[in-house]
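For reference, the structure is listed below as structure tokens.
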2 protein chains.
Amino acid sequence: MELYILWCLLCGFFRACIRMVCLSESQLLCGELEPSNREVGCESYVERTKHAMTLTDVARAAGVSPSTVSRILSGTARVTPETRQRVMVEIKRLNYQPNVLAQGLKRGHSRTVGVLTQELNSPFFNETVQGIEYGFEDSGYDPIFSGGHSRKSEERRALDVLRSRRVDALIVVGSFLPDALLLELAKETILVMVGRRVSGLEAQCVFLDNVQGGLDATTHLTTLGHRRIAFVTGNNNHPDSAERFQGYCTALSTAGIPFDPQLVVAGDFGEQSGLMAVDALLSQGVRFTALFAANDQMACGARLALYRRGIRVPDDISLIGFDDLKHVLYAIPPLTTVRQPMLEMGQCAARLALNLLEGKSPPEHTFSPTLVVRESTAMAR
Amino acid sequence: MELYILWCLLCGFFRACIRMVCLSESQLLCGELEPSNREVGCESYVERTKHAMTLTDVARAAGVSPSTVSRILSGTARVTPETRQRVMVEIKRLNYQPNVLAQGLKRGHSRTVGVLTQELNSPFFNETVQGIEYGFEDSGYDPIFSGGHSRKSEERRALDVLRSRRVDALIVVGSFLPDALLLELAKETILVMVGRRVSGLEAQCVFLDNVQGGLDATTHLTTLGHRRIAFVTGNNNHPDSAERFQGYCTALSTAGIPFDPQLVVAGDFGEQSGLMAVDALLSQGVRFTALFAANDQMACGARLALYRRGIRVPDDISLIGFDDLKHVLYAIPPLTTVRQPMLEMGQCAARLALNLLEGKSPPEHTFSPTLVVRESTAMAR
DNA sequence: CTCCTTTTGGCAAACGTTGTCAAGAACCAA
DNA sequence: TTGGTTCTTGACAACGTTTGCCAAAAGGAG
């Protein structure tokens, strides 16, 4: 016991000595560095950028070899506590950050996952993106995002950017890329898709049961006594829209309501199209007491069209959306909608990619929608 | 003339020969590869990932040295059209993508700009982020995004991630990082800030004249005859909020309206706080005919609070926000607001960073707000 | 045919890191 | 003292690029 205490004291002493040495050395170093720094002065910003510290710099400063520093950082070797301490001090002092470029090059993988989104600026995709960020927290992997601006060619370019960065895996959010390309991609890299189902790749797709969502929304309306329910579709033939429409049809027939094609209007998932859909419906004199829009953005547009004509929601017409965007909680009135757990889906996609990377078994990845009843729907008059 | 034609024919012939050789070689290669491929079979996906093509692979396939391929790609060498052609064909065929990790390592810069945002999922920051993306299009630089989730510690971590990726420049959007740290950062890297003004770094800040915006908004209300105008602040002491408030005060005194502290309520830039602000005002019996919220999100919250109490907008109370988020165009009624050109500001930040990187003179980077009058404001009763 | 210039393409050395291998050092037993 | 074992550390070769330098080869002039 006494021996152990003595040992600790000794260690403490040594450590103190080391620190003193380091400090004086650091002062020396600063003294040496400053003149050259001043010399550069007001030149172009590029020149002014200091050379980033490298592992070799740290090694030199600590008086050990680069390998030792590397081993300390990766924790793959036993080193004397003293050496470790000395190195750690230098790392702190020099503010050293490992160069991931070099690491990636050497290790053959970048600990990076590429995320391809259609549109970085869309309330819909953002929650997913955020979920992905959360999902990678503390995993040792970092997501990097690249957006194709809803154009296929752009997406391809973004894909190349990601590929040339040697991402270890790829997460595709939505995307207009054809299935065939994705299948090809899946062969040469780890691929996870969210909000999209590619046949043959189901195990790597995180998706929502859109049919169920459409069914829930419509059933909610029919149980409130609505029989003339309009539907605004999303982008031409977009699977999400098609599936929600399928749910709509099923619910109608379950309720014994005949399908009326007049009640279906084409939109494109944007607010404006929701507005125009209602205008079209109304100007054609189509009667309806409820409207189901394939997403919240179109529901908002529809809401404005109704407001413009003095039609009250939900008193005159009930309105229901899809997605549960954050801001529709503050719509007037707060919008009844079908919640798509985008954050969770994003997180799931990240976990899925992680598991695939580490050869573990993938988590559950089909999500169910939830009906969120707020104030934009009411009993039919 | 005949000679030229003959020459072309010859070239074509050679090219055909080359292609045949390549094909057979590629078949050979595949043949060799396949067994090992099959051997791996259903193992972890990591193993299944094919080895990416390298410049050396291309060189070998084209029968030239790696240097030649590199020079062809960078356009820094004169080579026979034939050689170039041969190499290009192989690049296409092998689907070669340069390894940016290796390029960055060798060249000492990554052609990458790090973008640090508080929150990737916020309608406000997203437009800026999109602007930044646009700004870097075809510049040869790629932005990579990293979000600190509105927590300072997270932001620091995100910063380290970006630093370790050896970004050539940094764009900070908003951020809670203290000025001192940013000043420090600016010394060692190219730094551009958007939506924030750090003294000493004005030349690298892209910002909006918030005082003017607050002034415009309030003046709009006073000219409509309002004299009891409530103000909902943003986050405690946030400069944006403080400056807008300053504009509010100035406009009041210009209109000869005494400042009443009762009319000022604290919010936090979130919808909920706007709602609670109105509730607080109303339950305290404070009379007011107009409300100016320091951002659109709070204006939306306020709108809901008014709706809940049956107060009409703009008939009973006029409402004005700040930012001009995309969706407030579809608010009920469409919200009068002060437009902050976030997309343009993002683009400007990207250009600014680019110019700084290339030592050119920076573009203009102060932006003026624009009043957008829609339907939520009206003459005072 | 030689000499000179121009064109073309190979060689080798980096860049910062990691991992293998082996060299010392310290210790113990014989 | 020697031989063996364990522990700590350093040397060195990659990883995929880029680039300066140099050597062939080709063409032209004398």
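Labels below follow one simple rule: chain letters A, B, ... track the order of the sequence lines, proteins then strands, and each chain is numbered from 1.
- The CZ-P distance, from B:R165 to C:dT17, rounds to 14 Å in whole Å.
- Residues of residues 101-109 of chain B that place a heavy atom closer than 4.0 Å to DNA chain D, in numerical order, are B:A102, B:Q103, B:K106, B:R107.
- Between the C1' atom of D:dT9 and the CD atom of A:E82 lies a distance of 14 Å, rounded to the nearest Å.
- In this structure, A:S67 does not reach the C:dT18 phosphate: none of its side-chain N or O atoms is under 4.0 Å from OP1 or OP2.
- Going from atom CG of B:D57 over to atom P of D:dC15 covers 11 Å, rounded to whole Å.
- On a pure distance criterion of 3.5 Å, no polar donor-acceptor pair joins the side chain of B:R86 and the base of C:dG9.
- B:T54 has no side-chain polar atom (N or O) that falls below the 4.0 Å cut-off from OP1 or OP2 of D:dG16.
- Protein atom CE of A:M53 is 15 Å distant from nucleotide atom P of C:dC15, rounded to whole Å.
- One interatomic measurement links the two molecules: CD1 of A:I72 to P of D:dT8, which rounds to 12 Å at whole-angstrom precision.
- Between B:G63 and B:R166, the one whose closest nucleotide on DNA chain C sits nearer the 5' end is B:G63.
- If you check the side chains of B:S67 and B:S70, you find no donor sitting under 3.5 Å from an acceptor.
- Residue A:S74 places none of its side-chain N or O atoms closer than 4.0 Å to OP1 or OP2 of C:dT18.
- Between the CZ atom of A:R78 and the C1' atom of D:dT5 there is a distance of 12 Å, rounded to whole Å.
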Worked check of side chain to side chain contact (heavy atoms under 4.5 Å, CB included) between A:R165 and A:I144: CA-CA 10 Å; A:R165 279 187 195 283; A:I144 77 177; 3.3 Å; yes
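- Judged by distance alone, the side chains of A:R351 and A:S139 never bring a donor and an acceptor atom under 3.5 Å apart.
- Going from atom CZ of A:R60 over to atom P of D:dT9 covers 19 Å, rounded to whole Å.
- A sub-4.0 Å separation between OP1 or OP2 of C:dT17 and a side-chain N or O of A:S70 is absent.
- In this structure, OH on B:Y141 lies 5.5 Å from NE2 on B:H109, to the nearest 0.5 angstrom.
- Every residue two or more places apart in sequence or in another chain that forms a salt bridge (charged side-chain N to carboxylate O under 4.0 Å, His left out) with B:R163 is listed here: B:E188.
- Across C:dT8, D:dG10, C:dT17, the shortest atom-to-atom separation from the side chain of A:L55 is found for C:dT17.
- The shortest distance between the side-chain N/O atoms of A:T68 and the OP1/OP2 oxygens of D:dG10 is below 4.0 Å.
- With hydrogens and angles ignored, the 3.5 Å screen pairs a side-chain donor or acceptor of B:T54 with a backbone N or O of B:T56.
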Apply the test salt bridge (charged side-chain N to carboxylate O under 4.0 Å, His left out) to residues A:D160 and A:R157: give CA-CA distance (whole Å), side-chain angles for both, the deciding distance (0.1 Å), then the verdict. CA-CA 5 Å; A:D160 281 343; A:R157 221 185 58 88; over 6 Å; no
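- We find that CG of A:N99 is positioned 9 Å from C1' of C:dC15, with the value rounded to whole Å.
- Listed pair A:T56 / C:dC15 fails the phosphate criterion, with no side-chain N or O lying under 4.0 Å from OP1 or OP2.
- Contacts of A:T76 with the nucleic acid, taken as non-hydrogen atoms under 4.0 Å apart, are absent.
- With A:D168 contributing its side chain and A:R111 its backbone, the two residues share a donor-acceptor pair below 3.5 Å.
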